[in-house]
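This chain uses plain numbering: 1 for the first residue, then up along the sequence. It should be emphasised that the depicted structure is a prediction, and the values quoted were computed from it without experimental measurement.
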Amino acid sequence: MKYLYRIYQLFICLPLFLLTTILTATMTVIGCALGAVNFFGYHPGRLWSRITIYSLLLPIHVEGREHLKRHQSYVFVANHQGAFDIFIIYGFLGRNFKWLMKQSLRRIPFVGVACEYARHIFVDKSGPSKIRQTYDRARNILKGGMSVVVFPEGSRTRTGAMGRFQRGAFMLADELQLPVVPLTINGSFNVLPRQKDGHFINWHPLSLTIHEPIPPSGQGPDNIHETMQKSYEAVLEGLAGRDVNDER
């Protein structure tokens, strides 16, 4: 079955992925250029992500969407297991949002330019002024009623274990007094770990757990620390509490 799955990936999934990536990027660029950024900056990417997951026959379980209020802005923070985290969140979170993403992703063919037109936020750490500009863009997006998604570990895990959270997302939530929503991703590391980029996909169930929002308990350093700690514990509990091999 392993080799049949690889043949299926090579001759069915890969051509389909390349085609849908080009179509999604083109649709996003044209739609956003015409002014419909909120729609075309999200829905084509959401469909692209779902097609990618479903075409690879990866089962996915999502729980916790009932915790989200319809017109509320959130700062979503998720563990970063692997490249498939993007497809899991984009396809199945069920909430329009903007990514805070690495500057290097701008160089990916088709995807980079589509993300620019969709007004996702590239995190530029080349100097204090660039970091401040990134922070200002995120603040303006949240003030406009949109949510953002951040991987507070900063990069994908190399071992499968969750790393320490960085403070940036929690400082932003503290300043604007917005709730933080922890997200737990399971199975993405098993499907495609960081050290296997460019290799065949492994079949493995996936899950996304949307935890209850953590509202601000005040404002300032104590609130930032408390929110970050609670978020870390919620994500970690989701990792420990679910065996994705048992999911349907």
Side-chain angles (χ1 to χ4, degrees), residues 6 8-58 60 62 74 76 78 80-126 130 133-134 136-138 140-142 144-151 154-156 183 185 187-188 191-194 196-201 206 208:
R6 288 185 173 183
Y8 171 72
Q9 289 179 49
L10 186 61
F11 292 104
I12 303 296
C13 296
L14 180 59
L16 178 63
F17 178 73
L18 294 175
L19 176 62
T20 56
T21 299
I22 294 170
L23 290 175
T24 299
T26 303
M27 190 182 305
T28 299
V29 169
I30 293 174
C32 292
L34 292 174
V37 177
N38 282 350
F39 183 89
F40 285 98
Y42 170 67
H43 289 285
R46 177 174 178 267
L47 181 60
W48 170 67
S49 298
R50 284 177 167 252
I51 291 172
T52 300
I53 295 287
Y54 290 144
S55 67
L56 286 163
L57 310 178
L58 299 173
I60 182 163
V62 182
Y74 295 105
F76 294 98
H80 205 358
Q81 288 199 338
F84 269 72
D85 299 344
I86 306 300
F87 303 118
I88 294 169
I89 293 176
Y90 219 160
F92 298 93
L93 179 59
R95 177 60 62 106
N96 201 336
F97 64 88
K98 300 300 180 187
W99 292 103
L100 264 71
M101 57 204 311
K102 285 186 174 182
Q103 181 76 4
S104 59
L105 297 177
R106 195 191 295 262
R107 298 193 295 268
I108 299 177
F110 296 102
V111 174
V113 67
C115 288
E116 284 194 50
Y117 274 83
R119 298 181 188 171
H120 295 299
I121 305 163
F122 292 99
V123 180
D124 189 341
K125 297 182 179 179
S126 60
K130 296 294 185 181
Q133 288 175 17
T134 299
D136 289 343
R137 285 196 64 197
N140 290 335
I141 283 172
L142 286 164
M146 185 67 68
S147 297
V148 298
V149 174
V150 186
F151 295 114
S155 61
R156 289 174 289 166
L183 306 174
I185 294 169
S188 178
V191 170
L192 188 65
R194 182 174 180 176
K196 294 291 185 179
D197 284 351
H199 288 63
F200 284 102
I201 303 300
L206 302 167
L208 173 66

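The number of heavy-atom neighbours closer than 6.0 Å to OH of Y117, taken from other residues, nucleotides and ligands shown, is 12 or below. By the 6.0 Å contact criterion, CZ on R119 is open, its count of non-hydrogen atoms from other residues, nucleotides or ligands being 12 or less. The local environment of CZ in F122 is crowded, with over 12 non-hydrogen atoms from other residues, nucleotides or ligands closer than 6.0 Å.
Among all heavy-atom pairs drawn from S188 and L206, the shortest one is N-CD2, 3.6 Å. Smallest separation of non-hydrogen atoms from C32 and V37: O-CG2, 3.8 Å. Taking all atoms of both residues into account, the shortest heavy-atom contact from V29 to A114 is CG2-CA, 3.9 Å. In this structure, S147 and Y74 approach most closely via the heavy-atom pair OG-N, 2.9 Å. In this structure, K98 and H120 approach most closely via the heavy-atom pair CA-ND1, 3.5 Å. Looking at every heavy atom in both residues, A138 comes nearest to I121 through CA-CD1, 3.5 Å.
Separating the NE2 atom in H199 from the CG atom in L192 is a distance of 9.0 Å, to the nearest 0.5 Å. Between the CH2 atom in W48 and the CG atom in L19 there is a gap of 13.0 Å [rounded to 0.5 Å]. The distance from atom OH of Y8 to atom CG of L14, rounded to the nearest 0.5 Å, is 12.0 Å. A distance of 7.5 Å separates CG of L34 from CZ of F40, quoted to the nearest 0.5 Å. Atom CG of L57 and atom OG of S55 lie 7.5 Å apart (nearest 0.5 Å). Remark: F87 CZ to T52 OG1 distance equals 4.5 Å, nearest 0.5 Å.
Between L47 and T24, every side-chain heavy-atom pair lies at or beyond the 4.5 Å cut-off. Looking at V111 and L105, their side chains never come closer than 4.5 Å, going by heavy atoms from C-beta outward. You'll find the side chain of F84 reaches within 4.5 Å of the side chain of L56, heavy atoms only.
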Q: Take I88 and L183, measure what side-chain contact (heavy atoms from CB on, under 4.5 Å) needs, and give me the verdict at the end.
A: CA-CA 11 Å; I88 294 169; L183 306 174; over 6 Å; no
Q) Can N38 and M146 be said to form a side-chain contact (heavy atoms from CB on, under 4.5 Å), step by step? A) CA-CA 9 Å; N38 282 350; M146 185 67 68; 3.4 Å; yes
Q. Does the pair I89 and I185 meet the rule for a side-chain contact (heavy atoms from CB on, under 4.5 Å), with working shown?
A. CA-CA 9 Å; I89 293 176; I185 294 169; 3.8 Å; yes
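Between W99 and Y90, the ring planes are perpendicular. Angles over 60° get that label, and only those under 30° would be called parallel. Ring orientation note: the planes of Y54 and F92 are nearly perpendicular, at an angle over 60° on the 30°/60° scale. In this structure, H80 and F151 have parallel ring planes: the angle between them is below the 30° cut-off, well short of the 60° mark. Ring geometry for H43 versus F39: interplanar angle of 30 to 60°, hence tilted.
R137 and D124 are not joined by a salt bridge, as no carboxylate oxygen comes within less than 4.0 angstrom of a charged side-chain nitrogen.
Judged by distance alone, the side chain of R194 and the main-chain N or O of R156 form a donor-acceptor pair under 3.5 Å. Side-chain atoms of Q9 come within 3.5 Å of backbone atoms of I201 as a donor-acceptor pair (strictly under, hydrogens ignored).
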